[in-house]
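For ligands, and for the atoms within them, numbers begin at 1 and follow the listed sequence.
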Amino acid sequence: MLRLEDINTYYGDSHILKGVSFEIKRGELVTLLGRNGAGKSTTLKSIMGIVPPAKGTISFDGYDVSGQKPHRIASLGMGYVPEERAIFPSLSVSENLKLPMSRSGVGLWPLEKIFSYFPVLERRRHHKGSQLSGGEQQMLAIARILIMRVKIILLDEPTEGLAPMLVREIAQILKETKKTGITMLLVEQNTRFAVEIANRHNILHEGKIAYQGDNDEFKADEETQRKYLAV
Ligand SMILES: Nc1ncnc2c1ncn2[C@@H]1O[C@H](COP(=O)(O)OP(=O)(O)OP(=O)(O)O)[C@@H](O)[C@H]1O
Ligand SMILES: [Mg+2]
């Protein structure tokens with residue numbers, strides 16, 4: 001579904017991603033873990049074409065998307081939930097969910113379907129975005145992408161700053177979402193959360209992939225976790 005080969009990305013003269021390669025198969029939930037500044041968000045922005053790589057190729061669902069513009073990549077069915085949770089604070093939950101545009105040839109999910117995954121959003125449907133808690137805002141940000149029937153969703157630290165109870169709730173929602181067959185790339189620093197829901201893991205360290213392994217292997221590998229992650 002998604003393959004990165006030898007991705008090199010710069011901000012000006014700073015060489016941030018130094019040959020990143022990994023792939024995700026259809027229906028998998030794969031993580032990109034790593035410490036602050038490792039280059040996780042830059043990887044997602046490179047995939048989306050927001051910070052285009054200087055070198056390397058990205059293929060998505062049979063298309064070479066390297067060098068394409070973000071709106072074109074999004075229109076192929078790639079959904080992105082950035083760290084900043086882009087929702088509209090002055091619009092209601094329902095209005096936020098009606099804003100996404102349908103991609104050509106595919107309609108939006110009906111609101112009822114979204115509400116069946118996110119009952120909290122149904123209860124809050126008339127509240128403004130700004131009146132939601134951090135966890136509810138994260139749910140709304142994810143729901144706004146899912147409603148477009150994307151093929152893959154890129155999530156940048158969805159649990160950041162959330163209380164443990166809400167982290168569990170987000171885990172539950174992502175597990176349910178995965179059952180619809182959607183493919184997910186999850187950027188995380190919360191290892192506990194990541195091992196609860198992921199099939200496989202990639203660790204990014206100083207702009208390079210330092211570890212790749214399946215969930216059981218990673219869970220048992222405390223040395224790798226200590227070496228590359230904040231535990
Ligand atoms: N717009 C930018 N201009 C210049 N340097 C940047 C820019 N954005 C990020 N960087 C630098 O690139 C490196 C990687 O940043 P990135 O945001 O990808 O890390 P991250 O792994 O997502 O970290 P975090 O866990 O803190 O979100 C860091 O050294 C950061 O300072
Ligand atoms: Mg980041």
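The protein atom (non-hydrogen) at minimum distance from atom 28 (C) of ligand 1 is G37 O, 3.9 Å.
Counting backbone and side-chain atoms alike, S41 contributes an N/O/S atom closer than 2.8 Å to the Mg ion (ligand 2).
Here's the thing with A38: one of its N/O atoms is less than 3.5 angstrom from an N/O atom of ligand 1.
Contact annotation for atom 20 (P) of ligand 1: protein present (non-hydrogen atoms, distance under 4.0 Å). Distance check on atom 30 (C) of ligand 1: every protein heavy atom falls at or beyond the 4.0 Å cut-off.
The atoms of ligand 1 that sit less than 4.0 Å from any heavy atom of S41 are 17 (O), 18 (O), 20 (P), 22 (O), 27 (O). For ligand 1, the atoms sitting less than 4.0 Å from at least one non-hydrogen atom of T42 are 14 (C), 15 (O), 16 (P), 18 (O), numbered in the order shown with element in parentheses.
Using a 30° and 60° split on the angle between ring planes, Y10 and H15 fall in the parallel class, below 30°. Note: Y117 and W109 have parallel aromatic rings, judged against thresholds of 30 and 60 degrees for the angle between ring planes.
Proximity of R35 to ligand 1, defined as any heavy-atom pair under 4.0 Å, is confined to the backbone N, CA, C and O atoms. When non-hydrogen atoms are compared, ligand 1 lies under 4.0 Å from the side chain of I16 (C-beta onward) but not from its backbone.
For the pair S14 and ligand 1, no heavy-atom separation below 4.0 Å is found.
Taking 4.5 Å as the limit, some side-chain heavy atom of I47 sits within range of a side-chain heavy atom of L185.
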